[in-house]
Amino acid sequence: MKTIRNITVLLLLSIGIAGLTPQKAMAQTSVSFQLFYDNLSVYGNWIDNPNYGYVWAPNVGAGFAPYRTNGYWAYTDMGWTWVSNYPWGWAPFHYGRWFYDPHYGWLWMPDNQWGPAWVTWRYYDGYYGWAAIGPGISIDIAFSSGYHVPYNHWVFVKERDFCRRNISNYYVSSSSYNTIISKSKVINNTRVNNGVRYGAGPGREHVQKRVGTGINQTRIRGMDKPGQRVTQTEMQLYKPHVKREANRNAAPSKVMNRKETANMREARPATRPNVNKEQRTQPVRQREIQRDMQRENPREHPQRNKPDKQRAGQREREPQMQNRMERPTPMQQDMDRSRNDRPPMMESQTRRQEMPQQNNRGLRPVKQKTGRILNQEHHGK
């Protein structure tokens with residue numbers, strides 16, 4: 001009996017080891033930075049930076065900023081995750097760090113750690129805010145009160161608008177950022193996944209109370225090729241294991257210099273951001289408030305508040321009224337004929353005689369003076 005039991009245990013162990021072997025092999029599969037160099041070269045340009053090595057500049061319109069344009073926040077099992085609408089969003093918003101260069105604009109430095117979003121969070125009475133974490137900044141520093149980010153690199157939105165898909169329409173004007181930042185506090189909600197520490201953003205319960213509705217949690221699943229796909233129940237992302245040690249021979253196929261990128265930026269069209277392409281910097285609510293004020297005070301815009309049919313009828317009547325004013329009346333025609341039959345008059349008499357003709361155009365008629373008074377005025381009293 002013991003022999004049979006031993007044989008059975010050995011068979012079960014062998015079957016279990018055989019079944020785990022493929023999973024172990026898949027877990028050990030990894031890539032290098034060459035994946036980023038090859039896939040992102042289609043959507044931007046690689047630049048050799050003296051401080052950070054090879055960095056990437058996306059081919060986007062003016063006004064682009066990471067974690068600000070063409071995306072939104074979704075709550076997942078990893079915390080608040082940035083969902084980008086760019087086809088290359090699976091990489092630069094979940095790996096590496098962003099920084100701003102005065103010449104090139106926003107640049108991305110690749111890294112091997114994956115996270116839902118590499119940003120630091122803040123909260124002030126009624127507002128949520130976030131900003132991209134720069135290269136070389138640890139999580140401890142990024143979520144401390146001593147980490148300072150330029151005020152124009154922050155994004156703030158009212159808490160009730162935080163979960164909107166078109167969140168870029170509801171960003172608060174940057175003119176009030178200094179006040180909000182000085183009074184805000186850091187949201188130090190960090191998590192650890194596979195040994196990687198990151199910021200998960202505001203708590204789910206906290207946001208639900210401010211928004212007033214329940215927030216569903218989306219599950220993150222991996223994909224087998226670069227890209228991303230979002231449904232109501234899950235978010236599929238390509239998130240391979242990147243090994244830093246495998247980057248010895250990795251390099252972009254083409255690296256641009258400063259002159260080439262300058263020409264590229266000058267030739268790049270300055271597209272205006274919108275909901276699904278780029279960010280709108282001015283909130284839509286400001287225009288809505290102006291429309292409401294116009295409805296409340298119609299006297300300030302009398303022509304603008306007239307119905308279209310009334311304005312159209314008024315435009316049609318204006319040429320007719322103009323023709324009537326220019327057409328001479330029968331009385332004017334008779335006066336013109338009688339004036340041509342009279343002998344020439346002095347200049348002052350002519351001006352006096354023409355006054356009734358002018359009055360027929362809409363002025364109140366005045367009594368004409370006699371010729372004796374005209375002569376006295378001309379020769380003196």
Side-chain angles (χ1 to χ4, degrees), residues 31 33-73 81-119 130-135 149-150 152-155 167-168 171 223 225-230 237-240 242 250-281:
V31 298
F33 284 0
Q34 193 66 45
L35 173 71
F36 300 140
Y37 297 150
D38 296 339
N39 281 270
L40 298 182
S41 61
V42 182
Y43 305 103
N45 300 278
W46 289 97
I47 303 165
D48 191 3
N49 185 276
N51 297 323
Y52 306 114
Y54 296 126
V55 295
W56 181 70
N59 288 335
V60 290
F64 167 80
Y67 307 105
R68 181 185 298 180
T69 56
N70 206 13
Y72 60 94
W73 292 106
T81 304
W82 181 256
V83 182
S84 175
N85 295 322
Y86 291 112
W88 44 264
W90 62 271
F93 298 116
H94 304 287
Y95 294 92
R97 306 293 177 83
W98 288 88
F99 67 98
Y100 185 80
D101 182 89
H103 176 73
Y104 298 106
W106 284 99
L107 299 174
W108 177 70
M109 186 194 77
D111 200 357
N112 64 321
Q113 294 183 342
W114 188 93
W118 294 105
V119 298
W130 61 91
I133 302 174
V149 179
N152 56 347
H153 291 181
W154 283 93
V155 182
I167 191 173
S168 60
Y171 294 153
M223 294 180 63
K225 61 180 180 179
Q228 59 187 10
R229 188 181 302 111
V230 182
L237 277 171
Y238 182 57
K239 45 191 288 293
V242 182
S253 59
K254 181 181 180 181
V255 180
M256 300 189 71
N257 55 36
R258 191 178 185 87
K259 183 177 180 180
E260 291 174 336
T261 53
N263 296 334
M264 175 194 67
R265 290 175 65 85
E266 292 178 358
R268 183 186 304 169
T271 57
R272 185 176 181 178
N274 55 37
V275 176
N276 295 321
K277 295 181 180 180
E278 299 289 335
Q279 155 203 327
R280 295 183 198 171
T281 56

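The first residue in the sequence is number 1, and the count goes up from there. Predicted, not measured: the structure shown is a model, and the values here were computed from it.
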side-chain contact (heavy atoms from CB on, under 4.5 Å) partners of [X], counting only residues at least two apart:
X	answer
Val119	Tyr67, Trp73, Ala117, Trp121, Trp130
Pro87	Tyr43
Ala251	Tyr54
Pro150	Asn152, His153

Is a side-chain N or O of [X] found less than 3.5 angstrom from the main chain of [Y], in a donor-acceptor match?
X	Y	value
His94	Pro116	yes
Trp106	Asp101	no
Trp118	Pro92	no
Arg97	Met109	no
Trp46	Ala57	no

For residues [X] and [Y], report the shortest heavy-atom separation together with the two atoms involved.
X	Y	answer
Gln228	Asn85	NE2-N, 4.4 Å
Trp98	Ala132	CB-CB, 4.3 Å
Tyr95	Val242	CE2-CG2, 3.8 Å

Give, for atom [atom1] of [X] and atom [atom2] of [Y], the distance between the pair rounded to the nearest 0.5 Å.
X	Y	atom1	atom2	answer
Asn59	Leu40	CG	CG	11.0 Å
Met256	Asn45	CE	CG	4.5 Å
Ser41	Trp56	OG	CH2	10.0 Å
Thr69	Phe64	OG1	CZ	4.5 Å
Tyr100	Leu107	OH	CG	9.5 Å
Phe93	Asn70	CZ	CG	8.0 Å

[X] vs [Y] side-chain heavy atoms within contact, under 4.5 Å:
X	Y	result
Arg229	Met223	yes
Val31	Phe36	no
Tyr37	Ser253	no
Trp88	Pro58	yes
Tyr104	Val55	no
Tyr238	Leu35	yes

Exercise for the section: Show your reasoning for whether side chain to side chain contact (heavy atoms under 4.5 Å, CB included) applies to Trp114 and Leu237. Expected result: CA-CA 11 Å; Trp114 188 93; Leu237 277 171; 3.8 Å; yes
Completion exercise
Residues passing the side chain to side chain donor-acceptor pair (under 3.5 Å) test with Tyr72, sequence neighbours excluded, are Arg165
Fill in the blank from the handout: Across all chains, not counting sequence neighbours, the side chain to side chain donor-acceptor pair (under 3.5 Å) partners of Asn112 are Arg244
